[in-house]
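The figures that follow rest on heavy atoms only: side chains count, while hydrogens, waters and symmetry mates do not. Throughout, residue positions are numbered sequentially from 1 according to the sequence presented.
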Amino acid sequence: FSVTLNQSTVNLVINAELVVLESHGEAFSLGIHVGDRLVAVNRTVCTGKTRDQVMNILTTISRPFTVTLDREYIKKSQAVSPTLVSAFEQEEHNSLLANELKQMKKEIENEKSKMNIY
């Protein structure tokens, strides 16, 4: 999948395999998550480039720019570290909890409105 980033700060932390370890701000809100693997930046393939080379591209490229990511990388890879898997699972868990919390708040608001409580 691909997303277009506009902000001047790239809020991503990637490892040597170009796998996202942390995603914040615009990157996170656009759907870039822990475990996604960076494949290309503006159609420039990242395979064979070092982490530092890719980070240099990300920090110096003109805005907006598009990144292409592989969401299935963590599931396909045989060499994923336990730390990365743990971070990926934690993010999925946090996402589920956030969705459950939103649903509960919505239900509470519905009940309040039925009872005319504001």
Side-chain angles (χ1 to χ4, degrees):
F1 72 101
S2 296
V3 295
T4 299
L5 298 164
N6 293 298
Q7 293 182 351
S8 59
T9 304
V10 178
N11 292 312
L12 290 175
V13 176
I14 59 175
N15 67 9
E17 289 88 29
L18 309 181
V19 175
V20 176
L21 299 178
E22 292 181 31
S23 174
H24 306 282
E26 181 188 36
F28 182 78
S29 67
L30 290 173
I32 300 175
H33 298 289
V34 170
D36 292 344
R37 184 169 189 270
L38 194 59
V39 176
V41 179
N42 278 356
R43 297 187 187 151
T44 299
V45 177
C46 295
T47 304
K49 295 189 181 341
T50 66
R51 178 204 172 278
D52 290 340
Q53 289 171 320
V54 172
M55 288 307 297
N56 186 52
I57 292 169
L58 290 172
T59 55
T60 60
I61 197 166
S62 61
R63 274 43 175 175
F65 66 96
T66 301
V67 292
T68 303
L69 300 120
D70 179 3
R71 170 75 28 98
E72 299 298 314
Y73 176 78
I74 194 166
K75 295 174 186 172
K76 294 183 288 190
S77 177
Q78 298 296 322
V80 176
S81 74
T83 304
L84 179 59
V85 172
S86 175
F88 179 73
E89 289 171 348
Q90 185 63 45
E91 185 170 302
E92 282 189 334
H93 177 71
N94 289 346
S95 178
L96 289 172
L97 289 176
N99 287 336
E100 287 177 17
L101 182 59
K102 284 180 189 175
Q103 183 61 35
M104 289 172 66
K105 286 180 178 180
K106 190 175 182 180
E107 290 171 8
I108 290 169
E109 290 303 316
N110 287 339
E111 289 300 317
K112 281 181 170 180
S113 68
K114 288 178 186 176
M115 299 164 70
N116 292 324
I117 300 173
Y118 299 98

Can you check side-chain contact (heavy atoms from CB on, under 4.5 Å) on Val3 and Val67, steps first, answer last?
CA-CA 6 Å; Val3 295; Val67 292; 3.5 Å; yes
Find the distance between [atom1] ([X]) and [atom2] ([Y]) and round it off to the nearest 0.5 Å.
X: Asn42; Y: Ser62; atom1: CG; atom2: OG; value: 7.0 Å
X: Asp36; Y: Leu21; atom1: CG; atom2: CG; value: 11.0 Å
X: Leu18; Y: Thr47; atom1: CG; atom2: OG1; value: 7.5 Å

Going only through I, L, V, M, F, W and Y residues with side-chain contacts under 4.5 Å, is there a path from [X] to [Y]?
X: Phe65; Y: Ile14; answer: yes
X: Ile57; Y: Val39; answer: no
X: Val20; Y: Val41; answer: yes
X: Ile32; Y: Met55; answer: yes

Shortest non-hydrogen contact from [X] toward [Y]:
X: Ala40; Y: Cys46; answer: CA-SG, 3.8 Å
X: Ala16; Y: Arg51; answer: CA-CB, 4.2 Å
X: Phe1; Y: Gly31; answer: CZ-O, 3.8 Å

Given Lys105, Gln103, Glu109, the one that forms side chain to side chain contact (heavy atoms under 4.5 Å, CB included) with Glu107
Gln103
Side chain to side chain contact (heavy atoms under 4.5 Å, CB included) partner of Asn56, the single match among Thr60, Leu58, Val54, Asp52
Thr60
For Arg63, I'd like to know if atom CZ has over 12 heavy atoms of other residues, nucleotides or ligands within 6.0 Å.
yes
Would you check if the side chain of Glu26 reaches a backbone N or O of Leu5 as a donor-acceptor pair within less than 3.5 Å?
no
Is a side-chain N or O of Arg37 found less than 3.5 angstrom from the main chain of Glu17, in a donor-acceptor match?
yes
Ser2: what forms a side-chain contact (heavy atoms from CB on, under 4.5 Å) with it, not counting sequence neighbours?
Thr66, Thr68
